[in-house]
Amino acid sequence: MNTELQLEQTFDEVVDAIAGPGIGIFPRFLDTTRVAALRRDFAALPPWQLTPAGIGRDLAHHTNERIRTDKTRWLEGDSPAQRDYLALMAALQRQMNRQLFMGLKDYECHYARYDEGDFYKKHLDAFRGRGNRRVTTVVYLNEDWRDHDGGELLVYAEKGKEVLHRVRPEAGTLVCFLSEQFPHEVLPARRARLSIAGWFRIDDPVAPAVLL
């Protein structure tokens with residue numbers, strides 16, 4: 001696994017990105033050992049634990065296959081791989097709070113599986129001044145991903161249609177950005193695509209299964 005020094009350096013780079021442009025892409029955030037452990041953990045999940053992802057909050061929460069078609073399962077620390085990942089993100093949270101005084105109090109995340117043809121239309125993870133999600137993270141677990149496999153993450157400018165980043169979902173890559181600032185979407189893939197989507201929050205989540 002990455003050494004403590006390597007992780008500290010990467011955390012510093014994440015902090016600099018959030019403090020500067022508000023977004024950063026880190027191709028080797030997770031090493032191959034952690035990626036393999038998380039892939040095994042995901043493969044061991046019973047199919048019934050993966051549920052169609054929804055949109056909206058609380059009473060307005062619902063599924064809409066015109067907007068997103070992925071399936072998700074929340075990470076709750078049920079396995080060594082999950083506990084290791086959650087501990088890693090907790091360390092990143094402490095670093096951001098220590099250096100940026102962000103007041104982050106919680107981190108929630110879920111596995112997201114996009115089967116062939118699945119997508120998530122352009123959206124924001126939080127509306128300015130109305131959401132508790134402050135920083136979005138996406139980590140990819142896809143081995144040997146090629147350009148023709150599709151499934152890229154498009155990150156847009158805060159205002160307008162300009163694409164700032166087109167991210168190939170390669171294993172180990174972390175994308176981290178301010179939740180209120182960057183609209184984004186997931187393009188359809190030509191093979192199954194696996195990621196962990198997460199959010200650093202300024203409050204404790206009301207319920208573990210509430211999406212955007």
Side-chain angles (χ1 to χ4, degrees), residues 14 17-18 21-26 29 50-75 89 96 102 104 106-142 145 149-170 173-212:
V14 173
I18 294 301
I23 184 171
I25 301 167
F26 309 93
F29 179 75
L50 285 170
T51 57
I55 57 174
R57 295 186 64 85
D58 302 326
L59 296 178
H61 183 256
H62 64 286
T63 58
N64 187 332
E65 292 187 351
R66 291 177 298 177
I67 296 176
R68 67 183 302 184
T69 56
D70 57 315
K71 297 178 177 62
T72 63
R73 200 274 193 181
W74 292 88
L75 274 68
M89 302 312 282
M96 286 193 288
M102 297 188 73
L104 304 172
D106 187 75
Y107 179 72
E108 59 181 356
C109 62
H110 61 62
Y111 286 124
R113 190 186 76 195
Y114 290 76
D115 292 322
E116 183 177 357
D118 283 348
F119 59 87
Y120 194 167
K121 295 292 188 180
K122 184 179 178 182
H123 64 284
L124 270 173
D125 284 347
F127 293 106
R128 189 170 294 279
R130 293 172 53 195
N132 293 310
R133 291 173 173 174
R134 287 296 182 261
V135 179
T136 296
T137 66
V138 185
V139 170
Y140 298 109
L141 306 176
N142 308 294
W145 201 268
D149 292 325
E152 295 96 339
L153 175 72
L154 301 187
V155 182
Y156 293 88
E158 184 174 7
K159 297 179 180 179
K161 299 181 179 180
E162 178 189 1
V163 175
L164 299 178
H165 300 280
R166 187 182 188 102
V167 185
R168 188 165 66 178
E170 296 179 300
T173 296
L174 165 71
V175 184
C176 189
F177 55 87
L178 294 173
S179 302
E180 296 179 344
Q181 189 167 328
F182 295 97
H184 51 285
E185 71 172 305
V186 177
L187 299 181
R190 297 181 180 87
R191 54 178 277 205
R193 175 189 187 277
L194 180 61
S195 62
I196 301 176
W199 301 269
F200 291 106
R201 303 169 58 99
I202 60 171
D203 72 338
D204 295 328
V206 176
V210 174
L211 293 179
L212 172 67

Considering non-hydrogen atoms only, spot the tightest contact between [X] and [Y] and give its length.
X	Y	result
Met102	Ile202	O-CG2, 4.2 Å
Pro188	Phe119	CG-CB, 4.1 Å
Pro169	Gly150	CD-O, 4.0 Å
Cys176	Thr137	SG-CG2, 4.0 Å
His110	Trp199	NE2-CH2, 3.6 Å
Ser195	Val138	CB-CG1, 4.2 Å

Start with the C-alpha distance between Phe182 and Leu164, add both sets of side-chain angles, then the distance that settles side chain to side chain contact (heavy atoms under 4.5 Å, CB included), and finish with yes or no. CA-CA 9 Å; Phe182 295 97; Leu164 299 178; 3.8 Å; yes

To the nearest 0.5 Å, what is the distance between [atom1] ([X]) and [atom2] ([Y])?
X	Y	atom1	atom2	answer
Gln181	Thr136	CD	OG1	11.0 Å
Arg201	Asp106	CZ	CG	6.5 Å
Lys121	Leu187	NZ	CG	9.0 Å
Ile18	Leu178	CD1	CG	5.0 Å
Asp118	Arg113	CG	CZ	8.5 Å
Tyr156	Lys122	OH	NZ	5.5 Å

Pairing of Glu180 and Arg133 as salt bridge, 4.0 angstrom limit: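 Salt bridge: no.
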
Between Val14 and Leu174, does the side chain to side chain contact (heavy atoms under 4.5 Å, CB included) criterion hold? Intermediate values first, please. CA-CA 10 Å; Val14 173; Leu174 165 71; 4.1 Å; yes

For His165 together with Phe177, are the ring centres under 6.0 Å from each other?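 Not close enough - the centres of the two rings lie 6.0 Å or further apart.
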
Check the pair His184 / His123 against side chain to side chain contact (heavy atoms under 4.5 Å, CB included), numbers first and verdict last. CA-CA 6 Å; His184 51 285; His123 64 284; 3.1 Å; yes

Applying the side chain to side chain contact (heavy atoms under 4.5 Å, CB included) criterion to Tyr120, which one of Leu153, Val186, Thr69 satisfies it?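 Going through Leu153, Val186, Thr69 one by one, the side chain to side chain contact (heavy atoms under 4.5 Å, CB included) with Tyr120 is satisfied by Val186 alone.
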
As a test of understanding, state which of Asp70, Leu75, Thr72 forms a side chain to side chain contact (heavy atoms under 4.5 Å, CB included) with Tyr111.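 Among Asp70, Leu75, Thr72, the one that satisfies the side chain to side chain contact (heavy atoms under 4.5 Å, CB included) with Tyr111 is Leu75.
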
Check for a donor-acceptor pair, side chain of Asp149 on one end and backbone N or O of Arg191 on the other, with a separation under 3.5 Å.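 Not a single qualifying donor-acceptor pair exists.
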
Please answer whether the main-chain N or O of Gly151 pairs with a side-chain N or O of Arg193 as donor and acceptor at a distance below 3.5 Å.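 Yes, Arg193 side chain to Gly151 backbone: donor-acceptor pair under 3.5 Å.
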
Please test Arg168 against Tyr140 for side chain to side chain contact (heavy atoms under 4.5 Å, CB included), starting from the C-alpha separation and ending with a verdict. CA-CA 9 Å; Arg168 188 165 66 178; Tyr140 298 109; over 6 Å; no

